[in-house]
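These notes are about the structure you will find just below.
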Amino acid sequence: MKGKILIVDDQFGIRILLNEVLQKEGYDTYQAANGVQALDIVSKHSPDLVLLDMKIPGMDGIEILKRMRVVDQDIRVIIMTAYGELDMIQEAKDLGALTHFAKPFDIDDIRAAVKKYLPVPNSN
């Protein structure tokens with residue numbers, strides 16, 4: 001079974017980049033540009049891992065994370081932030097985020113973290 005990954009970022013280019021890289025790795029991917037879309041995907045598709053940007057207009061990453069936990073308390077989340085906001089990073093980790101990446105991130109670091117937290121599917 002393939003792992004399902006939800007990419008939540010308001011920046012189209014970042015979503016496309018992550019989507020392309022993770023699909024090449026063999027994962028099923030979903031994309032959301034905002035919190036409403038992200039929560040809809042979480043409730044309908046139960047992703048195994050979420051890559052969540054912290055700075056999203058409207059509902060920020062912390063609020064999205066809190067609401068995702070209501071839908072699925074065991075959901076695995078890696079956060080991304082373009083800002084050195086240690087308090088936000090700490091709050092996200094207190095809410096169960098696995099790790100965080102500062103933007104601009106190295107795509108190989110993201111790939112390695114996804115493999116660590118979501119083992120690569122067997123290609124039979």
Side-chain angles (χ1 to χ4, degrees):
M1 191 183 106
K2 291 182 183 177
K4 294 185 287 189
I5 300 175
L6 169 58
I7 301 157
V8 186
D9 198 309
D10 60 312
Q11 291 178 279
F12 180 74
I14 290 177
R15 286 200 315 273
I16 293 302
L17 171 69
L18 290 169
N19 189 59
E20 194 172 295
V21 168
L22 295 169
Q23 281 187 348
K24 279 185 185 161
E25 295 284 322
Y27 298 106
D28 285 329
T29 57
Y30 301 92
Q31 297 178 52
N34 58 51
V36 173
Q37 290 175 0
L39 294 167
D40 186 51
I41 292 167
V42 167
S43 64
K44 287 181 179 165
H45 300 285
S46 303
D48 301 302
L49 183 68
V50 180
L51 297 176
L52 176 62
D53 185 32
M54 288 284 100
K55 281 288 184 183
I56 294 180
M59 196 187 306
D60 72 10
I62 294 294
E63 185 61 30
I64 296 168
L65 180 54
K66 286 178 180 173
R67 294 187 187 195
M68 281 195 283
R69 285 261 177 257
V70 172
V71 177
D72 178 358
Q73 65 183 16
D74 298 320
I75 199 161
R76 290 178 276 186
V77 178
I78 293 174
I79 60 170
M80 303 178 291
T81 178
Y83 308 88
E85 295 191 331
L86 295 175
D87 53 342
M88 192 178 246
I89 292 167
Q90 189 54 53
E91 186 175 355
K93 287 190 170 179
D94 291 345
L95 287 166
L98 301 167
T99 189
H100 77 279
F101 287 93
K103 290 180 182 176
F105 49 75
D106 182 324
I107 196 67
D108 289 328
D109 292 344
I110 295 269
R111 191 185 283 133
V114 167
K115 279 186 179 148
K116 176 179 177 182
Y117 294 110
L118 187 60
V120 177
N122 293 329
S123 50
N124 292 342

query: Is the shortest heavy-atom distance from the side chain of M54 to the side chain of E91 under 4.5 Å?
result: no
query: Are H45 and D28 close enough that some pair of their side-chain heavy atoms sits under 4.5 Å apart?
result: no
Distance check, rounded to the nearest 0.5 Å: [X] atom [atom1] versus [Y] atom [atom2]?
X	Y	atom1	atom2	value
I62	I56	CD1	CD1	11.0 Å
I78	D53	CD1	CG	13.5 Å
H100	M88	NE2	CE	12.5 Å
D9	Q31	CG	CD	10.0 Å
D48	D74	CG	CG	12.0 Å
Y27	I7	OH	CD1	12.0 Å

Please report the shortest heavy-atom distance between [X] and [Y], naming the atom on each side.
X	Y	result
V42	P47	CA-CD, 3.7 Å
S46	K4	O-CE, 3.5 Å
I41	A32	CD1-CB, 4.1 Å
V8	N34	CG1-O, 4.3 Å
M68	I75	SD-CD1, 4.2 Å
L49	V77	CD1-N, 4.3 Å

Side-chain donor or acceptor of [X] paired with backbone N/O of [Y] under 3.5 Å:
X	Y	answer
R76	L118	no
R67	L39	no
E63	M59	no

- request: Could you walk me through whether R111 and D108 pass side-chain contact (heavy atoms from CB on, under 4.5 Å), step by step?
  value: CA-CA 5 Å; R111 191 185 283 133; D108 289 328; 2.5 Å; yes
message: Go through it in stages, so that I can follow the logic: the residues are D40 and Y30, the test is side-chain contact (heavy atoms from CB on, under 4.5 Å), and I'd like the CA-CA distance, side-chain angles, deciding distance and then a yes or no.
response: CA-CA 11 Å; D40 186 51; Y30 301 92; over 6 Å; no
- prompt: Does the pair I5 and L18 meet the rule for a side-chain contact (heavy atoms from CB on, under 4.5 Å), with working shown?
  reply: CA-CA 10 Å; I5 300 175; L18 290 169; over 6 Å; no
- prompt: Are M80 and I16 connected in the hydrophobic side-chain network, where two residues link if heavy atoms are under 4.5 Å apart?
  reply: no
